[in-house]
Amino acid sequence: MIRESLTAAIGSALDAMGLEPRPDVHLERPARREHGDWSTNVALASKGIHGRNPREFAADLVAQLESQNVAHVDSLEIAGPGFVNFRLADTWLFDVLVDVIDAGDTYGKPDIGAGRKVLVEFVSSNPTGPLHAGHARGAIYGDALSRLFEATGHDVTREFYINDRGVQMQNFAASLSAMRAGESVPADGYAGPYVAKWAAEMPADADPFEWGYERCLGYIDETLRRLGVTFDSWFSERSMVGGGSIEEALTDLRERGVVVEAEGALWLRSTDFGDDKDRVLVKSDGEFTYITPDIAYHRNKYARGFSLLINVFGADHHGYVTRLRAAVEALGHDPDELEVRITQMVRLERDGEEVKIGKRSGVFIELADLIDEVGADATRFTYLLQGIDSQQTVDLAAMAARSMENPVYYVQMAHARACSILRKESAEGFRRPALADADLTLLSDARELDVLRAISEMNDVMILAVRDRAPHKVITWLRELAAAFHGFFHDCYVFGNDTSPEVTTARLWLVEASRSTLASGLGIVGVSAPEEL
RNA sequence: GCCCUCGUAGCUCAGGGGAUAGAGCAGUGGCCUCCGGAGCCAUGAGCGCAGGUUCGAAUCCUGCCGAGGGCGCCA
């Protein structure tokens with residue numbers, strides 16, 4: 001690949017110049033085409049090593065590179081304070097096309113993980129009611145991140161932690177019972193319409209706790225599946241109570257001397273590990289606080305041999321992060337292996353009016369309703385448009401629109417158009433020569449080359465997206481690729497009246513490569529790639 | 001009061017310490033004998049404020065202002 005060959009060429013040029021120690025070489029795609037196809041700032045960045053004027057150093061570097069006759073490189077120039085810009089022949093883009101066709105679905109997916117075991121915990125909502133729209137961001141982000149890890153060679157486990165023990169579950173069961181008996185729900189109970197609906201379904205002899213638990217979790221799973229989100233593992237909090245692992249965690253903490261008894265309670269000395277106050281583990285009434293099973297849960301995660309733990313939390317739980325990290329550190333684990341990603345809130349609008357979400361607000365939008373209204377693909381794509389660090393505002397009508405202004409439709413349309421051209425190829429009975437026999441140099445239109453340039457960026461985008469845990473970078477790139485393809489589609493007819501068979505052949509291979517890359521990219525974010533819309 | 005995230009074009013948002021900060025929508029103006037005009041092209045407008053680090057800052061650091069969220073022996 002071109003990045004590797006250019007990096008290697010610069011490296012050996014630096015060696016030939018006797019630069020010690022050899023600096024890291026950063027190659028980038030300049031924002032402006034006038035600055036060439038590729039650019040390196042190494043003459044600037046290594047000023048501390050060579051101590052020379054960066055432009056003079058760059059001149060020597062260019063001379064070295066020119067003597068190497070690097071493949072595809074047309075010309076080199078020094079620009080600005082000391083950048084070295086590479087201007088490449090279009091032939092490098094034809095290699096990209098060949099790479100895509102050869103690699104198929106594996107194109108642009110670097111093996112960064114080398115099988116590294118990653119646990120992604122997300123959603124983990126209480127099994128006391130349906131998922132609502134507020135859960136969508138975490139669900140979609142967690143799943144897309146998992147897909148991104150998988151696509152880059154990681155061994156991913158998606159896990160849902162079930163808080164199936166404690167006061168909330170008891171309130172929920174009590175509410176079901178009361179509703180079933182025609183009584184009003186307890187003061188701290190659940191009163192949403194779904195409770196009445198489920199209570200009516202509940203058999204008279206059912207245990208409301210167990211029945212409600214199954215009913216609710218089944219519905220959560222069903223809703224998530226409709227979004228294309230499936231979990232490999234459902235981890236029950238109750239399972240730890242029966243198995244004694246909470247007690248083991250407490251014993252472990254005691255032996256490590258990081259707990260203290262005071263005021264009738266057992267406290268974790270979390271201030272020793274960066275927390276701003278110590279936390280109660282066992283209340284004076286003998287009950288655990290909510291953090292105690294969680295400590296045991298995370299102790300279990302480490303014990304299962306994952307080398308990276310990722311927790312996706314909503315912004316309303318961010319205050320919990322410090323004490324959780326303090327707790328795992330108190331257990332002697334490396335807190336750097338635990339990464340907590342916080343998703344900021346999403347404001348849903350309809351006609352400019354905020355649509356309220358929240359179980360207790362009366363008019364909450366169930367996630368299932370959202371999927372009904374806009375569809376799984378549009379929901380996923382829209383929620384992934386932006387990074388999770390920013391609060392997001394989305395309009396339901398815009399999300400559901402079946403027009404090119406809707407980014408999900410725009411990208412899927414590019415794929416569908418590619419498919420329509422390939423269908424036309426069959427319909428016309430066109431006999432396309434093998435790729436090796438195609439003359440790709442006929443792809444000389446700026447539109448054609450722009451498509452190849454966009455395709456060529458996939459590998460770099462994947463590296464950055466997984467490094468930054470940022471699936472939205474894949475989305476941004478997909479939109480650019482789709483834009484390039486639409487431009488090509490508009491200006492370069494594959495079966496035009498005055499298109500020669502040779503040009504048709506080259507363009508068909510370009511269409512094939514585009515279709516493959518679009519489908520692959522959509523797969524990484526979990527959005528379908530229909531052949532027709 | 002303390003902690004977290006954010007502040008970029010009229011709106012929704014991209015932006016890897018690099019060169020003249022990008023895209024969509026909205027606005028204005030162009031372009032339809034042919035693969036889907038559900039489109040394509042052009043055009044105006046912007047880094048909250050003030051310092052600092054650096055050859056170079058939207059990006060890193062500090063302070064201020066503004067928005068959202070969080071600070072329990074609740075989960």
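All chains are named by letter (A, B, ...) in the order of the sequence lines, taking the proteins before the strands, and each is independently numbered beginning at 1.
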Legend entry - OP1 or OP2 of B/G15 under 4.0 Å from side-chain N/O of A/Lys473: yes
Inset, instruction - Tell me which nucleotide among B/G39, B/A19, B/C34 gets nearest to the side chain of A/Asn497. - result: B/C34
Inset, instruction - Pick base, sugar-phosphate or nothing for A/Tyr410, based on heavy-atom distances below 4.0 Å to the nucleic acid. - result: sugar-phosphate
Inset, instruction - Determine the contact category for A/Arg423: base if any of its heavy atoms lies under 4.0 Å from a base atom, sugar-phosphate if only primed atoms, P, OP1 or OP2 are that close, otherwise nothing. - result: nothing
Legend entry - Any A/Arg323 side-chain N or O less than 4.0 Å from OP1/OP2 of B/G72: no
Inset, instruction - Could you tell me whether A/Gly166 contacts a base, only the sugar-phosphate backbone, or nothing, with contacts defined as non-hydrogen atoms closer than 4.0 Å? - result: nothing
Legend entry - Identity of whatever pairs with B/A67 - Watson-Crick or G-U, under 3.5 angstrom: B/U5
Inset, instruction - Determine, step by step, whether A/Glu428 and A/Arg423 satisfy the salt bridge (Lys or Arg N to Asp or Glu O under 4.0 Å) criterion, reporting the C-alpha distance in whole Å, the side-chain angles of both residues, the deciding distance to 0.1 Å, and the verdict. - result: CA-CA 9 Å; A/Glu428 302 251 322; A/Arg423 278 196 301 274; over 6 Å; no
Inset, instruction - Please work out if A/Ala79 contacts a base, only the sugar-phosphate, or nothing of the nucleic acid, heavy-atom cut-off 4.0 Å. - result: base
Inset, instruction - Remember a base hit wins even if backbone is also touched, and classify A/Glu287 as base, sugar-phosphate or nothing at under 4.0 Å, heavy atoms. - result: nothing
Inset, instruction - Assert yes or no for the condition that the ring centre distance of A/His415 to A/Phe485 is strictly below 6.0 Å. - result: no
Inset, instruction - For A/Thr499, report the nucleic acid contact type (base, sugar-phosphate, nothing); a contact means any heavy atom under 4.0 Å. - result: nothing
Inset, instruction - Look at the side chain of A/Asp389 and decide which nucleotide, out of B/A19, B/C6, B/G39, has an atom nearest to it. - result: B/C6
Inset, instruction - Pick base, sugar-phosphate or nothing for A/Ile342, based on heavy-atom distances below 4.0 Å to the nucleic acid. - result: nothing
Legend entry - Separation between the C1' atoms of B/G63 and B/G69, rounded to whole Å: 22 Å
Inset, instruction - Write down the distance separating the C1' atoms in B/U5 and B/G24, rounded off to the nearest Å. - result: 25 Å
Inset, instruction - Identify which nucleotide among B/C35, B/A19, B/C40 has an atom closest to any side-chain atom of A/Phe489, counting heavy atoms from C-beta outward. - result: B/C35
Inset, instruction - Would you classify A/Arg402 as touching base, sugar-phosphate or nothing, given that sugar-phosphate means primed atoms plus P, OP1 and OP2, and contacts are heavy atoms under 4.0 Å? - result: base
Inset, instruction - Applying salt bridge (Lys or Arg N to Asp or Glu O under 4.0 Å), run through A/Arg3 and A/Asp460 and close with a yes or a no. - result: CA-CA 9 Å; A/Arg3 174 184 282 283; A/Asp460 287 354; 2.7 Å; yes
Legend entry - Nucleotide nearest A/Thr393 (side chain, heavy atoms from C-beta), chosen from B/G68, B/A14, B/C13: B/C13
Inset, instruction - Indicate, with a heavy-atom threshold strictly under 4.0 Å, whether A/Cys492 touches base, sugar-phosphate, or nothing. - result: base
Inset, instruction - Provide the distance between the two C1' atoms, one in B/C40 and one in B/C34, to the nearest whole Å. - result: 16 Å
Inset, instruction - Look at the side chain of A/Asp294 against the base of B/A75 and say whether a donor-acceptor pair falls under 3.5 Å; ignore hydrogens and angles. - result: no
Inset, instruction - Verify the contact: side-chain N or O of A/Thr322 to OP1 or OP2 of B/C3, cut-off strictly under 4.0 Å; return yes or no. - result: no
Legend entry - Any donor-acceptor N/O pair under 3.5 Å between B/C73 base and A/Ser284 side chain: yes
Legend entry - Among B/A67, B/A14, B/C73, the one nearest A/Gln391 by side-chain distance: B/A67
Inset, instruction - Could you check whether A/Asn85 gets within reach of a base, just the sugar-phosphate, or nothing at all, counting any heavy atom under 4.0 Å? - result: base
Legend entry - Spacing of the C1' atoms in B/A23 and B/A45 (rounded, Å): 15 Å
Legend entry - Between A/Tyr383 and A/Tyr141, ring centroids under 6.0 Å: no
Inset, instruction - Among B/G39, B/C40, B/A75, find the nucleotide with the atom closest to the side chain of A/Gln168. - result: B/A75
Inset, instruction - Pick base, sugar-phosphate or nothing for A/Arg447, based on heavy-atom distances below 4.0 Å to the nucleic acid. - result: sugar-phosphate
Inset, instruction - Searching all strands shown, indicate the nucleotide that pairs with B/C74 (Watson-Crick or G-U wobble; both distances under 3.5 Å). - result: none
Inset, instruction - Confirm from the modelled atom types if A/Asn41 and B/G18 form a donor-acceptor pair under 3.5 Å, side chain to base only. - result: yes
Inset, instruction - Looking at every strand, decide which applies to A/Leu533 at a 4.0 Å heavy-atom threshold: base, sugar-phosphate, or nothing. - result: base
Legend entry - Whether A/Phe83 stacks on the six-membered ring of B/G18 base, 5.5 Å and 30° limits: no
Legend entry - Base B/A75 to side chain A/Thr289, donor-acceptor N/O within 3.5 Å cut-off: no
Legend entry - A/Tyr493 side chain, from C-beta outward: closest of B/C35, B/G18, B/G15: B/C35
Inset, instruction - Answer yes or no: does a side-chain N or O of A/Arg325 lie under 4.0 Å from OP1 or OP2 of B/C4? - result: no
Inset, instruction - Would you check if A/His318 stacks with the base of B/G70, given a 5.5 Å centroid limit and a 30° plane limit, both strict? - result: no
Legend entry - Proximity to the side chain of A/His472 - top-ranked nucleotide from B/G37, B/U5, B/G15: B/G15
Inset, instruction - Indicate, with a heavy-atom threshold strictly under 4.0 Å, whether A/Gly387 touches base, sugar-phosphate, or nothing. - result: sugar-phosphate
Legend entry - Distance below 4.0 Å between A/Lys277 side-chain N/O and B/G72 OP1 or OP2: yes
Inset, instruction - Mind checking A/His35 for me? I need base, sugar-phosphate or nothing, with any heavy atom below 4.0 Å counting as a touch. - result: base
Inset, instruction - Indicate yes or no: at least one non-hydrogen side-chain atom of A/Asp450 is less than 4.5 angstrom from one of A/Phe488. - result: no
Legend entry - Nucleotide of B/G16, B/G72, B/G69 approaching A/Asp316 most closely (side-chain heavy atoms): B/G69
Inset, instruction - State whether A/Lys283 places a side-chain N or O below 4.0 Å from either non-bridging phosphate oxygen (OP1 or OP2) of B/C74. - result: yes
Legend entry - Side-chain donor/acceptor of A/Thr40 to backbone N/O of A/Val84, under 3.5 Å: no
Legend entry - A/Arg238 to A/Tyr213, cation-pi by 6.0 Å centre distance and 45° axis angle: yes
Legend entry - Listed nucleotide nearest any side-chain atom of A/Arg479, set B/G16, B/G24, B/C71: B/G24
Inset, instruction - For this output row, return yes or no: ring centroids of A/Phe430 and A/Phe495 closer than 6.0 angstrom. - result: yes
